[in-house]
Amino acid sequence: MLDKVYQPREVEARWTAAWKAAGVAHAEAGADPRSRYVIVIPPPNVTGALHIGHALNNTLQDVLVRHHRLRGRQTCWVPGTDHGGIATQNVMEKQLKAEGRTRHDIDRGEFLKRMQAWTAECKSTIMGQLERLGCLLDMGREAFTMDDVRARSVLHAFQEFAKSGLIYRGERMVNWCVRCGTALSDIEVEYEEQKGRLWHFRYQCPEGGGIVVATTRPETMLGDTAVAVHPDDARYKSLVGRALRHPFLGRAMRIVADTYVDPAFGTGAVKVTPGHDPNDFEIWQRHKGEMEGPIRVIDFHGKMTPEAGDGFAGLSRDQARKLVVERLEAEKLLVRTEEHRHSVGVCYRCQQPIEPLLSCQWFMKMRPLAEKALKASEDGRFKLSPASWDEPYRNWLKNIRDWCLSRQIWWGHRIPVWYCLKCNGLSAGEPAMSQSAWRDSKREMRYEVGAQMPAKCGGCGSAEFVQDPDVLDTWFSSALWPLSVFGWPERTRDLKFFYPTTVLVTGYEILHLWVARMQMMGLWFEGKVPFEDCVIHGIVRDRHGKKMSKSLGNVVDPLLMMDKHGTDAFRFSLAMQAYPGKDIPYSEDSLKGPRNFANKIWNSTRFVLMNLPERPPEGGYRLDRLDKSRLELADRWILADFQAMSARFEERMAAYEFAAAADEVYAFLWDEFCDWYVELAKPRLAGEDADMVRTILVQALVGTLKLLHCFMPYITEELYQALKAYAGEDAPLLLLSKPPSLREWAAPDAVERMRAVKDIVTALRTVRSQFNVPPGLQIAAFYSAKDASARSLVADNLSYILHLSRLSSLEASEKRPPHSVTTAVGDLVFYVSLEGIDIEDEKIRLKKEIGRLSEEIRRCDERLSDKTFMDRAPQAEALKLRERCRQAAAKKAALLDILKSLEDG
RNA sequence: GGGCGCUUAGCUCAGCGGUAGAGCACUGUCCUCACACGACAGGGGCCACAGGUUCAAAUCCUGUAGCGCCCACCA
């Protein structure tokens with residue numbers, strides 16, 4: 001016998017093991033390719049334990065995998081992890097910091113060794129957590145973005161791109177994170193609105209006069225080489241071409257005209273710092289002849305360089321700013337300062353301000369790839385869900401810019417580029433390989449691409465090379481994920497069978513960072529989209545919509561939630577709120593309903609089992625053995641309702657409407673099956689229909705469990721096992737059984753009639769409640785019917801009504817019996833016998849109800865007499881309205897009658 | 001500066017052209033022999049505001065206000 005309350009713990013451990021042993025998660029290449037259902041996991045970074053966002057993401061994937069597995073698809077869900085580049089290196093650097101060291105205190109090899117150890121530990125934690133969540137991942141396929149197979153994919157892709165001329169080394173303005181010590185791509189920079197100031201100061205002309213510029217970063221003026229104004233700006237037209245003198249450095253500068261300048265902002269004159277501002281860099285490119293080029297005054301550590309001049313060199317950016325302002329003031333050049341809000345670029349990993357710096361990096365031309373991806377999106381080969389993401393996605397592709405591929409960190413795929421020492425004039429053991437010097441190198445370099453050091457230089461024949469010290473952006477390997485997990489570029493069986501995959505499930509925050517790049521790579525190399533559908537879900541936030549963060553203390557720990565409330569409840573709490581593309585407000589309270597629901601399922605099965613014989617009958621209780629002609633209203637109704645619900649369920653699943661699908665089953669099981677059918681089954685289980693009722697209980701319940709399984713795998717498996725023999729099934733696991741039958745049990749008449757019975761019962765219960773009749777007390781009631789059909793509604797379903805309304809009797813009576821209260825339902829009037837009721841109270845109650853009905857009739861009449869409505873509205877609408885009006889009028893008349901008799905005494 | 005989204009019951013959100021829904025919270029009666037993680041009944045909404053389209057609008061269109069997100073090189 002099952003416990004009274006569902007205890008998830010032991011059940012979960014048991015089924016995790018059983019699924020694994022049975023290998024239900026495993027898929028082999030082969031068989032019918034149309035039956036494939038393939039998902040690659042968005043690989044979590046190996047930065048630590050999984051958070052609730054991962055739980056959501058993986059729950060939704062598992063829902064899809066289990067759903068399709070049960071329906072006979074050959075599902076393959078590929079697990080894996082991402083080395084995570086900067087993010088993971090930061091974790092390790094924090095660990096080192098705790099030991100009082102930095103990565104430079106241990107060498108690169110030692111550092112990588114420690115990373116490997118950490119990664120191994122982290123991977124097993126993550127896989128364990130995914131298993132705990134119930135994920136049906138094909139564990140034998142576990143991949144890592146930096147393992148040998150994936151390294152080959154990365155190398156191949158890099159070589160191919162290099163061959164096609166898409167990859168190039170160039171000196172560009174990059175987003176430099178001083179804290180992380182590396183360049184970042186444009187999409188790795190986040191912007192924060194900050195309070196700042198705008199300083200207005202004057203540059204003097206040697207021959208007198210000058211021009212006032214405005215800046216938010218005074219310290220960069222040490223690198224200024226020009227001032228720009230708009231060519232049409234009347235205020236400055238005469239000044240264009242004039243010379244200026246840098247007040248601290250004595251440098252000669254020039255006023256140039258450039259349309260980039262907005263005359264309306266600040267003073268309409270912009271100081272130009274080509275070495276530390278991407279726009280200014282571009283201004284210089286347009287005015288090379290008129291002005292000096294970039295001067296680096298801030299170094300890669302955020303300190304002022306010697307070129308910043310005496311007194312400034314060696315200062316931090318903040319110190320330099322202070323000093324610059326002081327000296328401007330001292331020289332009476334500072335005109336004024338004002339408060340100013342502006343957005344500041346910060347590192348997406350450490351939130352420190354980004355410093356735009358000029359350096360040598362590897363870039364990739366993206367336009368040719370983006371064009372293919374754009375086309376795939378526009379012609380429908382690739383669909384985002386919800387589709388509202390299509391526009392932002394396409395716009396991003398249309399405006400794509402070159403991708404800065406190199407990162408000055410150690411953790412990642414080393415850039416497979418070898419520089420010839422001789423040709424490039426480098427000395428062996430190159431001390432200049434210290435990273436900042438390397439990045440300053442402006443020379444054209446001769447290099448070879450490959451995993452290993454080349455045997456001979458193609459130019460000079462030398463065999464001495466040095467490898468580029470940088471690594472690739474972590475997203476480069478992520479972009480290849482759907483290919484690399486199947487062994488690409490090898491033409492493996494897996495690649496041929498499982499690529500392209502079916503669907504990708506991810507959050508919108510990495511739509512560009514990851515999704516778009518996978519599309520581009522997949523299309524470029526294989527000519528096919530890597531996945532046809534992409535399901536975009538939201539972010540899990542706290543209950544008030546704030547982002548979860550450790551510092552806010554509003555994080556919800558998935559493991560703790562699973563421990564406390566059960567994995568199924570946890571999964572359901574996420575899925576039931578997963579409306580397409582919407583963020584999910586979440587707190588521990590969100591688990592309460594789902595936890596109760598799990599218990600409800602548990603107990604409804606417990607009830608059914610209590611009413612089954614110890615041994616299942618031969619072949620089980622099967623629907624196809626029922627004598628359909630003997631089915632009662634409730635039987636036909638619940639089967640029809642199940643069919644209708646499961647059809648809606650399938651539709652919602654097909655549209656990735658997880659929350660709506662979950663709600664369908666929830667409502668069916670609780671509000672229909674438990675609240676009505678089970679209640680009606682109780683008395684019948686003692687009668688001669690018992691086996692028929694058992695059949696329907698078992699089949700409806702098993703069907704529901706099967707639909708629910710993808711959301712709540714553990715409890716449904718446990719209960720399925722207890723029920724399966726009774727259902728005449730012998731599958732070892734729920735997933736290996738037949739999906740719920742979609743056989744035609746539709747019965748609109750039964751649904752309609754059951755609706756009427758429910759209305760009667762509810763009305764009678766309401767009366768009981770209004771007069772505080774204890775549930776245990778059975779009372780007598782009478783009814784009068786308007787016509788034969790109304791009479792048969794009661795007569796045919798007398799036992800239902802007696803049982804559900806807890807009546808001792810229900811007899812026909814044309815007149816109101818004494819000591820009774822009246823209620824009207826449809827074309828019926830009921831009199832419920834109650835001792836000691838106050839006639840005055842009853843009159844008031846009736847008047848109130850009559851008033852309500854009058855109002856309804858008035859509203860209906862109003863519309864029915866509206867000529868334009870009658871002319872233009874569909875006929876069905878008018879019919880519906882007329883019927884509603886008729887019923888209300890009948891009720892009102894009946895109640896008026898009673899009221900009159902009461903008033904007459 | 002563009003683009004997208006949100007504003008519905010105390011809270012969190014569904015619904016997106018035909019009489020307002022769910023979960024949680026709340027009130028009343030009940031430990032009715034599956035479940036008090038329960039049953040039954042109930043209270044509670046000018047569906048942000050202003051216009052428009054329509055026989056009919058929470059639902060479509062336009063505008064306004066507030067909030068949020070994404071993108072963008074404004075010093």
Side-chain angles (χ1 to χ4, degrees), chain A residues 2 4-6 173 186-187 191 198 213-217 220 228 260-262 264-273 277-282 340 342-343 345 356 388-389 391-392 395-396 399 508-509 511-512 538-539 543-545 565 569 573 576-577 579 581-587 589-590 592-611 659-660 663 666-667 671 674-675 678-679 682 761-762 765-778 804-806 856 859-860 863 866-874 876-878 880-881 884:
Chain A
L2 304 180
K4 213 167 168 180
V5 172
Y6 172 53
M173 190 67 63
D186 292 329
I187 41 181
Y191 289 87
L198 201 55
V213 294
T215 180
T216 54
R217 299 195 58 196
T220 61
Y260 159 75
V261 180
D262 173 6
F265 186 88
T267 62
V270 185
K271 60 191 269 311
V272 183
T273 323
D277 185 289
N279 299 308
D280 294 1
F281 182 77
E282 282 171 24
H340 179 60
H342 61 130
S343 68
S388 54
W389 282 104
E391 272 311 301
N395 281 335
W396 188 76
N399 298 317
Y508 55 77
E509 71 275 16
L511 185 62
H512 306 320
I539 292 169
R543 103 180 69 186
H544 300 298
H565 309 288
S573 70
M576 74 184 291
Q577 290 190 88
Y579 293 95
K582 291 229 162 168
D583 286 351
I584 296 178
Y586 200 88
S587 73
D589 284 349
S590 310
K592 200 169 169 186
R595 194 261 327 245
N596 295 351
F597 180 49
N599 198 52
K600 189 73 181 178
I601 304 163
W602 185 260
N603 274 289
S604 47
T605 307
R606 185 161 161 258
F607 167 81
V608 171
L609 287 170
M610 281 169 60
N611 287 287
D663 190 57
Y666 182 99
D671 303 342
C674 289
D675 288 351
V678 165
E679 288 312 315
K682 283 174 181 172
V761 170
T762 302
R765 283 168 170 176
T766 302
V767 170
R768 292 182 64 114
S769 179
Q770 279 172 338
F771 291 89
N772 282 339
V773 181
L777 184 63
Q778 298 213 330
L804 294 172
S805 316
R806 298 191 173 269
E856 186 173 339
R859 280 210 313 264
C860 287
R863 297 190 63 195
D866 181 343
K867 201 162 172 327
T868 40
F869 171 78
M870 295 308 285
D871 285 350
R872 305 210 191 169
E877 277 311 309
K880 250 166 41 185
L881 203 59
R884 206 193 315 157

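Note on naming: letters A, B, ... go to the chains in the order of the sequence lines (proteins, then strands), and numbering restarts at 1 for each one.
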Practice task
Check the distance between B/G28's P and A/Phe771's CZ and give it to me in whole angstrom.
Solution key: 19 Å
Problem - base_contact_polar (B/C24 base, A/Lys592 side chain, donor-acceptor, <3.5 Å) - result: no
Handout entry: Distance-minimising heavy-atom pair for A/Tyr6 and A/Asn599
Key = N-OD1, 3.0 Å
Exercise for the section: Just jot down the side chain to side chain donor-acceptor pair (under 3.5 Å) partners of A/Asp583, sequence neighbours excluded, or say none. Expected result: A/Tyr508, A/Arg541
Completion exercise
The dot-bracket string of RNA chain B, counting Watson-Crick and G-U wobble pairs with both distances under 3.5 Å, using [ ] for crossing pairs and | for pairs to another strand, is (((((((..((((....[..)))).(((((.......))))).....(((((..]....))))))))))))....
Practice task
Using only side-chain N and O atoms of A/Lys600, determine if any of them is under 4.0 Å from OP1 or OP2 of B/C35.
Solution key: no
Practice task
Take A/Glu877 and A/Pro585, find for each the nucleotide of RNA chain B with the closest heavy atom, and name the residue whose nucleotide sits nearer the 5' end.
Solution key: A/Pro585
Fill in the blank from the handout: Of the candidates B/A14, B/U32, B/A34, the side chain of A/Pro775 sits closest to B/U32
Filtered N/O pairs between nucleotides 71-75 of chain B and protein, under 3.5 Å:
unit_1, atom_1, unit_2, atom_2, d
B/C73, OP1, A/Arg401, NH2, 3.1
B/C73, O2', A/Asn279, ND2, 2.5
B/C73, N1, A/Asn279, OD1, 3.2
B/C73, O2, A/Asn279, OD1, 3.0
B/C74, O2', A/Tyr260, OH, 3.2
B/C74, N3, A/Asp262, OD2, 3.0
B/A75, O2', A/Ala214, O, 2.8
B/A75, N6, A/Asp262, O, 2.5
B/A75, N6, A/Phe265, O, 2.6
B/A75, N1, A/Asp262, N, 3.2

Practice task
Return the set of residues passing salt bridge (Lys or Arg N to Asp or Glu O under 4.0 Å) with A/Lys592 (not counting sequence neighbours), or none when no residue passes.
Solution key: none
Exercise for the section: Look at all strands and tell whether A/Arg859 reaches a base, only sugar-phosphate, or nothing, counting heavy atoms closer than 4.0 Å. Expected result: base
Handout entry: Under-4.0 Å side-chain N/O to phosphate OP1/OP2 contact, A/Lys682 with B/A34
Key = yes
Completion exercise
Applying salt bridge (Lys or Arg N to Asp or Glu O under 4.0 Å) to A/Arg217 and not counting sequence neighbours gives A/Glu219, A/Glu355
Practice task
State whether the side chain of A/Arg863 and the backbone N or O of A/Phe869 hold a donor-acceptor pair below 3.5 Å, judged by distance alone.
Solution key: no
Exercise for the section: Compute both the distance and the angle, then confirm whether A/Lys600 meets the cation-pi test with A/Tyr666: under 6.0 Å from the six-membered ring centre, within 45 degrees of the axis. Expected result: no
Handout entry: Minimum heavy-atom distance A/Ser805-A/Arg768, with the two atoms named
Key = O-NH1, 3.0 Å
Practice task
Using a heavy-atom cut-off of under 4.0 Å over every strand shown, decide if A/Glu679 touches base, sugar-phosphate, or nothing.
Solution key: base
Exercise for the section: If a protein heavy atom is under 4.0 Å from the base, mark B; if only from the sugar-phosphate, S; if neither, -; do that for nucleotides 40-45 of chain B going 5' to 3'. Expected result: SSS---
Problem - Gap between atoms CH2 and C1', on A/Trp389 and B/C70 respectively (whole Å) - result: 6 Å
Fill in the blank from the handout: Picking from B/G18, B/U32, B/C69, the nucleotide nearest the side-chain atoms of A/Tyr508 would be B/C69
Exercise for the section: Mind checking A/Cys860 for me? I need base, sugar-phosphate or nothing, with any heavy atom below 4.0 Å counting as a touch. Expected result: nothing
Problem - Set of residues satisfying side-chain contact (heavy atoms from CB on, under 4.5 Å) with respect to A/Pro278, sequence neighbours excluded - result: A/Met173, A/Pro356
Exercise for the section: Pick base, sugar-phosphate or nothing for A/Val213, based on heavy-atom distances below 4.0 Å to the nucleic acid. Expected result: nothing
Completion exercise
A/Asn599 atom CG is separated from B/G38 atom P, nearest whole Å, by 7 Å
Practice task
For A/Arg884 and A/Glu856, indicate whether the former's side chain and the latter's backbone hold a donor-acceptor pair under 3.5 Å.
Solution key: no
Exercise for the section: Please state how far atom CE in A/Met576 lies from atom P in B/A22, giving the value in whole angstrom units. Expected result: 13 Å
Exercise for the section: For A/Arg765, check side chain to side chain donor-acceptor pair (under 3.5 Å) against everything at least two apart and list the hits. Expected result: none
Practice task
Assign A/Pro874 to base, sugar-phosphate, or nothing according to its heavy-atom contacts below 4.0 angstrom with the strands shown.
Solution key: base
Problem - Which residues share a side chain to side chain donor-acceptor pair (under 3.5 Å) with A/Asp866, sequence neighbours left out - result: A/Thr868
Handout entry: Donor-acceptor pair (no angle test) under 3.5 Å: A/Arg606 side chain, B/C35 base
Key = no
Handout entry: Nearest heavy-atom neighbours spanning A/Ala214 and A/Leu198
Key = CB-CG, 4.0 Å
Exercise for the section: Give the minimum heavy-atom separation between A/Val213 and A/Val270, together with the two atoms involved. Expected result: CG1-C, 4.1 Å
Fill in the blank from the handout: Protein heavy-atom contacts under 4.0 Å, written 5' to 3' over nucleotides 3-8 of chain B as B (base), S (sugar-phosphate only) or - (none), form the string ---S--
Handout entry: For atom CZ of A/Phe607 and atom P of B/C37, their distance in whole Å
Key = 21 Å
Problem - RNA chain B: 5'-proximal contact among A/Thr605 and A/Ala873 (nearest heavy atom) - result: A/Thr605
Problem - Residues which pass salt bridge (Lys or Arg N to Asp or Glu O under 4.0 Å) with A/Glu391, listed by chain and number, not counting sequence neighbours - result: A/Arg394
Exercise for the section: Would you tell me if any nitrogen or oxygen in the side chain of A/Asn596 comes within less than 4.0 Å of OP1 or OP2 on B/G38? Expected result: yes
Practice task
For A/Asp671, check side chain to side chain donor-acceptor pair (under 3.5 Å) against everything at least two apart and list the hits.
Solution key: none
